[in-house]
Q: 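There's a structure below that I have some questions on.
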Number of protein chains: 2
Amino acid sequence: MKVSREQATKNRAHVVEVAGAQFRKHGFDGIGVADLMQAAGLTHGGFYNNFASKDALAAEAVTQVFAETTERLRQYAQAAADRYAAMVRFYLSPEHRDSVETGCAIAALSQDAARGSPELRAAFEAGIAAYLELIVELAGVTRPRAMAIYATMVGALTLARTVTDPVLSTDILTAATDNLLAAKDS
Amino acid sequence: MKVSREQATKNRAHVVEVAGAQFRKHGFDGIGVADLMQAAGLTHGGFYNNFASKDALAAEAVTQVFAETTERLRQYAQAAADRYAAMVRFYLSPEHRDSVETGCAIAALSQDAARGSPELRAAFEAGIAAYLELIVELAGVTRPRAMAIYATMVGALTLARTVTDPVLSTDILTAATDNLLAAKDS
DNA sequence: ATTATCTATAGATCTATAGATAATGC
DNA sequence: ATTATCTATAGATCTATAGATAATGC
């Protein structure tokens, strides 16, 4: 049953990748180690050879998710004429709302993270800092303004995912988008 | 061990009250029925005479929390000269940030709620609708603008609670407050 | 020989229920 | 007699570990 060292490294990375999606989808407490490993095609016993604990995996998965999502957003926005508008529209799109498992870690997990371990919170804090840098860079705004923009995007996506009425949900996304685009530097 | 019907009614209400605080503090999955009942001064076996399930209690507690928090915000803002500014400053105060268990249900639990039962989500949806009405009333803004204001407040509070650096946390609250006050009707 | 992965399980949860108990309220 | 609350427990989780297995890589 043993695999090559190279394959083992790939397996480990795959567990982190799967965990990033599963945690966002189900929440940190909504998915167990055994189910995570099964989703990655492994048995749960092997987990602790690769990770010190479920919490350590969570911190690692969150770091990975931030790296992926900020890079994706950067690529997308940099190709657009109006980078600020592209960023806002991308973040507040119905597609992002309907794709929790591949979307923003903050919008999916930050409330649980705030109750989490120092390690987990540190991973989020680093991700938030990088995200703010990205907004400053893409939108050409001040750091305080980037904070307000980020807050509006996170809050709107969170609200849009909480309500069940599709009209209200879309209205929230549209309202936040319109307000952000109308007042870029306010 | 039996108590009067009157006392039983009080006990039930007390469980809902305690649950509202404990759920906000620990998350829906972070506190069990036995611990909730113990915090209310009862044993966990009696729980199911009063509630159909833990989820039913969650929906009831959330409804109660929204009623309390919106009423408190209304009272506070209506006594101020600038109701809009009072509302924003109240919501984005360090005191609110540091009082998860008595604060806004959305900022504490909405991400878990989005993964929850239809009953739970319905309780949140009604609370959100009432909150938007309150903002429209207090701030005298349009409904779309109320959505953007609410989104900014929820997102900023969520971010401020996620980071561990107290300076960054306060900066986020201040940035969101300043932006909202500078652009009330944008 | 080393080690990546497996099976199996310990120990500690959790939700929900069954049945006993004892005070209320007809 | 009714019923609010209690004790005790069933059954299903969950995290983490112990020890076995078998393929890699010296």
Side-chain angles (χ1 to χ4, degrees), chain A residues 1-20 22-62 109 112-113 115-120, chain B residues 1-20 22-62 109 112-113 115-120:
Chain A
M1 294 294 173
K2 190 188 170 188
V3 299
S4 70
R5 189 166 299 182
E6 187 185 18
Q7 184 60 45
T9 304
K10 280 184 189 169
N11 284 351
R12 188 187 193 285
H14 188 228
V15 171
V16 175
E17 188 75 22
V18 166
Q22 296 289 300
F23 281 142
R24 276 178 284 183
K25 186 173 183 182
H26 302 290
F28 289 121
D29 294 337
I31 183 86
V33 170
D35 288 336
L36 274 176
M37 290 297 275
Q38 188 174 24
L42 298 165
T43 58
H44 72 283
F47 179 82
Y48 293 92
N49 291 24
N50 280 306
F51 305 98
S53 63
K54 185 188 181 185
D55 195 68
L57 169 66
E60 200 168 328
V62 164
L109 294 167
D112 283 342
R115 303 184 187 98
S117 69
E119 289 74 20
L120 185 59
Chain B
M1 296 294 174
K2 189 188 170 185
V3 299
S4 70
R5 187 165 301 183
E6 187 184 17
Q7 184 59 46
T9 304
K10 280 184 189 169
N11 284 350
R12 188 187 193 284
H14 188 228
V15 171
V16 174
E17 188 75 22
V18 165
Q22 295 290 301
F23 281 141
R24 276 177 285 182
K25 187 173 181 183
H26 299 110
F28 289 121
D29 294 337
I31 183 86
V33 170
D35 288 336
L36 274 176
M37 290 297 275
Q38 188 174 23
L42 298 165
T43 57
H44 72 281
F47 179 82
Y48 293 92
N49 292 24
N50 280 306
F51 305 97
S53 63
K54 186 188 181 186
D55 194 68
L57 169 65
E60 201 168 328
V62 164
L109 294 166
D112 283 342
R115 303 184 187 98
S117 69
E119 290 74 20
L120 184 59

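Every chain is numbered from 1 and lettered A, B, ... according to where its sequence line falls, protein lines coming before strand lines.
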Q: Quickly work out the B:H26 NE2 to C:dT13 C1' distance and round it to whole Å.
A: 15 Å
Q: So, do A:D29 and B:F28 sit near enough that their side-chain heavy atoms are less than 4.5 Å apart?
A: no
Q: Picking from C:dG25, C:dT15, D:dA4, which would you name as closest to the side chain of B:Y48?
A: C:dT15
Q: Under the side-chain contact (heavy atoms from CB on, under 4.5 Å) test against A:R12, which residue among A:L57, A:L42, A:N50 passes?
A: A:N50
Q: Heavy atoms only, 4.0 Å cut-off, all strands: where does B:D35 land among base, sugar-phosphate and nothing?
A: sugar-phosphate
Q: Roughly how far, to the nearest 0.5 Å, is the NZ atom of B:K54 from the CD1 atom of B:I31?
A: 8.0 Å
Q: How many whole angstroms separate atom CG of B:L36 from atom P of C:dT13?
A: 16 Å
Q: Would you mind telling me which residue lines up with the more 5' stretch of DNA chain D, B:G45 or B:A8, judged by nearest nucleotide?
A: B:A8
Q: Rounded to whole Å, please give me the gap between CD in A:E6 and P in D:dA23.
A: 18 Å
Q: How many Å lie between CD on B:Q7 and C1' on D:dT3, as a whole number?
A: 15 Å
Q: Could you walk me through whether A:F23 and A:V62 satisfy the side-chain contact (heavy atoms from CB on, under 4.5 Å) test, starting with their C-alpha distance in whole Å, then the side-chain angles of each, then the deciding distance to 0.1 Å, before giving a yes or no?
A: CA-CA 9 Å; A:F23 281 142; A:V62 164; over 6 Å; no
Q: How long is the line joining CG of B:N50 and C1' of C:dA16, in whole Å?
A: 15 Å
Q: Which one is paired to C:dA20, where only Watson-Crick or G-U wobble pairs with both distances under 3.5 angstrom count?
A: D:dT5
Q: What is the separation between atom CG on A:D29 and atom P on C:dC14, rounded to the nearest whole Å?
A: 11 Å
Q: Should A:F47 and A:L36 count as side-chain neighbours, where that means a heavy-atom distance under 4.5 Å?
A: no
Q: Rounded to whole Å, please give me the gap between CD in A:Q22 and C1' in D:dC14.
A: 16 Å
Q: Nearest heavy atom decides the nucleotide; on that basis, is B:A34 or B:R5 closer to the 5' end of DNA chain C?
A: B:A34
Q: Taking all non-hydrogen atoms of both residues into account, name the closest pair between B:G27 and B:L109 and its distance.
A: CA-CD2, 3.8 Å
Q: Let me know the distance between NZ of A:K2 and P of D:dA20, rounded to the nearest Å.
A: 18 Å
Q: Closest nucleotide of DNA chain C for B:S4 versus for A:L42: which of these residues is on the 5' side?
A: A:L42
Q: Out of curiosity, A:Q7 CD to A:K2 NZ, how far, rounded to the nearest 0.5 Å?
A: 13.0 Å
Q: Which of residues 52-60 of chain A sit near DNA chain C, with a heavy atom under 4.0 Å from it?
A: none
Q: For B:R12 and for B:H44, find the nucleotide of DNA chain D with the closest heavy atom, then tell me which residue's nucleotide is more 5'.
A: B:R12
